[in-house]
Each structure stands twice: as C-alpha cells, then as structure tokens.
**Student:** 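Starting off with a structure, shown below.
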Protein chains: 2
Amino acid sequence: MNKIKTTENIFTHFEKFIKLSENLKLELSKRIKPIVFQKGELVLDANNISKKSYFINKGILRTYFIKDGKEISEFFSGIDEWVNSPKSFMQREKDIYYIDAIEKTEAYFITVNDLVYLFDNFPEMERYARLSMGTIFGHFMERITSIRFTTAKEKYTHFQKTYSNIYHRIPLGMVASYLGITQETLSRIRAVK
Amino acid sequence: MNKIKTTENIFTHFEKFIKLSENLKLELSKRIKPIVFQKGELVLDANNISKKSYFINKGILRTYFIKDGKEISEFFSGIDEWVNSPKSFMQREKDIYYIDAIEKTEAYFITVNDLVYLFDNFPEMERYARLSMGTIFGHFMERITSIRFTTAKEKYTHFQKTYSNIYHRIPLGMVASYLGITQETLSRIRAVK
DNA sequence: GTAATTATTTGATTTAGGTCAAAAGTTCTG
DNA sequence: CAGAACTTTTGACCTAAATCAAATAATTAC
C-alpha cells in the first residue's frame, strides 16, 4: 500500500499527447523502473553524463549549477514531470547541471538507450517528444519575460504561480537563486505580505 | 540571378538532423513557397493566428509583443532559421506575438496544415522537429542564465555573441528591449567601448 | 536534548541602472 | 532637398536591490 504506484501515472501522461498502443505500453513497461531518492540525495553529478530520465511520482527534484562556488537553481520539478540534464541526456556529453532531491522523491526512470530504441521503433514516441517539448517551450518564453521586466516582488509572485503546488516546499535560498535575486531581498519581500 | 535561391538551403538544414528521402523532398517542394517582405512590413499581427512558418534565406525578422504600449523584442531571426509565433502556430490559437521585418527579407514558408500532413505521413519529420527543438532548448536555457545573473554590459556582450552575424543590423532600441534594459543604458554601455 | 550546522531575518550602506528631460543625429517622404 | 519623424546620445537625479555584517531561528546530528 505504501509502495510506489504502478505505471498508471506515466501512461496517463503520455496519453495527453498520443494514443498508446498495447504493444507500446508493453515495451514501455519493460523499460521503466522505479527508484527512490532520499532528501538531499544527489541524483546527477555534473561530472557524469545524464543517462537516465526520471518521471516523478512524488517529491521534488531540483536542477542546479554552480557559479562562483554558489548553487544556482535552474528549475524545480514535481509530480508528473520528466527530469534530466537536457543537453547532457540528448547529446550524451557532460553539461553543467547537477540534480538533487529537495525532499524524498519517488520516481520512474528510463535510460537514454531504451528511449532511443523506442524512438526508433515507435514513431508516435517522436510525436510525443515533439508535442511535450512544445508545452515546455511556452513556459520558457513566459519565464524569460517574467525575468526581464518585473520587480523582485513580481518575479516572486510569478514563481508562486508557476510552481503553485510546490513553491512553499522549496527553501528560500534556492528560490532566490532561481529568481536571480539575493536571499536577503527575497526575505524582505516575503516579510511585507 | 538576383532571384531567390532554390530549396537548397532548406534541404541542407533538414539534413543536419535527418536523411531526406527523394519522396520527402518532393513532398516538401510541393508545399514550400517563396515570399518576400519589405523593410518594416508586418509578417504576423497578434490579432491573427500564426498559420505559416517562415524559413529565412536573407534578411532579419523580429518577434515582439506589446507591453504598456511599448514593443518588446522577444527574438531576432536570420538566415536558415524558422520563424513563427510558436504557441499560436502549434495550438492554432491567438498569442501575444507580432512579427515584422527589420530589413527586406526573403523567405520560404509552409502552412501549418501542410506541416501536419508531413508529420502524419513522414515519421522522420517528427524526428526532425524533436531534434531541432532540442537545440533551441539549449539556447533558451543559456539566455535565461544570461538574463538572470549579469550586468547590463555582460548582457550586451552575450547578445553580441548569440547574434554575432546580425547584431549590428538591429536598431538599438530593439536590442535594449530584448535585453530588458533601457535604451539610455544600452547607449551608455556602447559608448564606453 | 543540547551542541553544531544551516537557513532566515534584520539593519546600514552603496550602487547599477532606471526615470525624466532635452539635445543631436539619422532617415524618410513628398 | 527641406521639413517631419524617428533614433540615439547626453545630463541630472532617484530608487530598487545588492552588498556587507550580524542577530535570530530552525534543523540536524550525536
């Protein structure tokens, strides 16, 4: 009962974009495996190539990089989202991103090799990837706008909207670096209310 | 001789990502048409749905939106790049983006209907879309980093790098709004040298 | 359960870049 | 080619947020 759910969530996610044949479901099931990360655990070290993509069932993962010795959060990922180091994962080369668990996280994963197999044999998987990337695209554009033209206060409000279900579970310092403001400023913003 | 080149450029572009069969080349050729925009001409009005995607052969297009009565540049596109209003084009709904020509621009275009036909009949087109979006992804992430943590000067330097072949052809005011700084600040930055 | 970390808040001061205003340059257009 | 209409530059002043510094508060570990 307290065990990880079946592949139900992940299939539902795919079916937002494509119809899953029984055969594809079977091939997916063979390649998707559960995994659990404890709070604070490192999911990906930037010194390694990202070879797995994680689909979150519960918990929060954070993607970040190091600048001037400080951790800068790039994004946070919650339930029903895929997480990997995008460039590293697709080009099979190192990139700057680390991934860790902000809280205990239950996920599935698929390896890049298995994913490539599915792309090669199921054209609908290519479509899934194209369409799902499209939605992320929109978020990126919105974020760029939000960063460029708003006060620190507005940035924080936008963040709360974007991450409405998880924002209160993310430590202040991480949020500040995500927004590109100092944590002192963020602390003051939150104090005003 | 002074006429628009053949579909050569566009085929070369596709072949960076996939192998083009003779049949696909034929089907593409049937659906790709040339078009020319004069300097200052509006390519897309945000009151309309974006139904064509333009592949630039020569010239520069600008994608922008209006905020508080002012035009804010979202990106600039030069040779060998596709231009459309992404969300509008794929979801077939209105979005906030206008597109205009910064200089006289020669392009090809394909309609969203034709593109959908190709996606439905040529799985390699899905792959092309997935892979080419992947590269744009990387640029977006870099841009987000660049906007968040750099001084106005560094933002401008990054802009020059990103748009190394066209940056000097874009009016200062448009660059400033792209970078999220005022044009006075940009003017002063450029003056220092 | 208390010491030791780590995270957050508060205060004082500084500064990069914004705002407002006007002058100087450029480029369209009839 | 002259006047209108933009575009870019320059100057004076102001403000939001950064920086530096230290005090609290909250977790974590033994």
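In the text below, chain A, chain B and the rest are named by the order of the sequence lines, each starting its count at 1.
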**Student:** Using atom CG of D100(A) as one end and atom P of dT6(C) as the other, report the distance to the nearest whole Å.
**Tutor:**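 From D100(A) CG to dT6(C) P: 15 Å.
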**Student:** From CD1 of I181(B) over to P of dT15(C), roughly how many Å is that when rounded to an integer?
**Tutor:**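 The distance from CD1 of I181(B) to P of dT15(C) comes to 21 Å, rounded to the nearest Å.
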**Student:** For the residue pair D95(A) / S88(A), report whether a side-chain donor-acceptor contact shorter than 3.5 Å exists.
**Tutor:**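 Short answer, no.
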**Student:** If I take atom CG in residue D68(B) and atom P in nucleotide dG18(C), what distance separates them, rounded to the nearest angstrom?
**Tutor:**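 Computing the D68(B):CG to dG18(C):P distance gives 15 Å.
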**Student:** When we call it a touch if two heavy atoms are under 4.0 Å apart, what does L186(A) touch: a base, just sugar-phosphate, or nothing?
**Tutor:**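 No contact.
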**Student:** Would you classify G180(B) as touching base, sugar-phosphate or nothing, given that sugar-phosphate means primed atoms plus P, OP1 and OP2, and contacts are heavy atoms under 4.0 Å?
**Tutor:**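 Counting heavy atoms under 4.0 Å across all strands, the contact made by G180(B) is with sugar-phosphate only.
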**Student:** Do N113(A) and R31(A) have side-chain atoms, one donor and one acceptor, less than 3.5 Å apart?
**Tutor:**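 Short answer, no.
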**Student:** Need to verify one output field. Residue with the more 5' nearest nucleotide on DNA chain C, S187(A) or T185(B)?
**Tutor:**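 Looking at DNA chain C, the more 5' nearest nucleotide goes with S187(A).
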**Student:** Just by distance, with hydrogens left out, do S132(B) and T135(B) show a side-chain donor and acceptor under 3.5 Å apart?
**Tutor:**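 There is no such pair (donor and acceptor under 3.5 Å, judged by atom type) between the side chains of S132(B) and T135(B).
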**Student:** Nearest of dA12(C), dT8(D), dT10(D) to any side-chain atom of R188(B)?
**Tutor:**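 Of all the options, the side chain of R188(B) is nearest to dT10(D).
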**Student:** Can you tell me the distance, in whole Å, between the CD atom of Q38(B) and the C1' atom of dT29(C)?
**Tutor:**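 In whole Å, dT29(C) C1' lies 16 Å from Q38(B) CD.
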**Student:** If the cut-off is 4.0 Å, is K153(B) near the phosphate of dG17(C), judged by side-chain N/O to OP1 or OP2?
**Tutor:**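 No, outside the criterion.
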**Student:** Donor-acceptor pair, S146(A) side chain versus E142(A) backbone, under 3.5 Å?
**Tutor:**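 No; zero donor-acceptor contacts below 3.5 Å.
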**Student:** Take the protein atom CD of E71(B) and the nucleotide atom C1' of dC6(D), then report the distance between them rounded to whole Å.
**Tutor:**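 Distance check: E71(B) CD to dC6(D) C1' gives 12 Å.
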**Student:** So if I take every side-chain heavy atom of Q183(A) and compare against dT9(C), dG17(C), dT10(D), which nucleotide ends up nearest?
**Tutor:**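 Looking only at side-chain atoms, Q183(A) lies closest to dT9(C).
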**Student:** Return the nearest nucleotide to the side chain of L172(B); candidates are dT28(D), dA17(D), dT8(D).
**Tutor:**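 Side chain of L172(B) sits closest to dT8(D).
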**Student:** Base, sugar-phosphate or nothing for K155(B)? Non-hydrogen atoms, less than 4.0 Å.
**Tutor:**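 No contact.
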**Student:** Please report the distance, rounded to the nearest Å, between CD in E103(B) and C1' in dT27(C).
**Tutor:**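 Going from CD in E103(B) over to C1' in dT27(C) covers 16 Å.
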**Student:** For the side chain of E184(A), counting heavy atoms from C-beta on, which of dT9(C), dT10(D), dA18(D) is nearest?
**Tutor:**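 Shortest atom-to-atom distance from the side chain points to dT9(C).
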**Student:** Please determine whether the number of non-hydrogen atoms from other residues, nucleotides or ligands lying under 6.0 Å from atom NZ of K67(B) exceeds 12.
**Tutor:**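 Yes, enclosed.
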**Student:** Measure CD/E154(B) against C1'/dG17(C) and give the value in whole Å, please.
**Tutor:**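 Checked: the CD to C1' distance equals 14 Å.
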**Student:** Round to the nearest Å and state the distance from L179(B) atom CG to dG18(C) atom P.
**Tutor:**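 Atom CG in L179(B) sits about 10 Å away from atom P in dG18(C).
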**Student:** Look at T182(A) and dA17(D) and indicate whether a side-chain polar atom (N or O) is within less than 4.0 Å of OP1 or OP2.
**Tutor:**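 So the side-chain polar atoms of T182(A) never come under 4.0 Å of the phosphate oxygens OP1 or OP2 of dA17(D).
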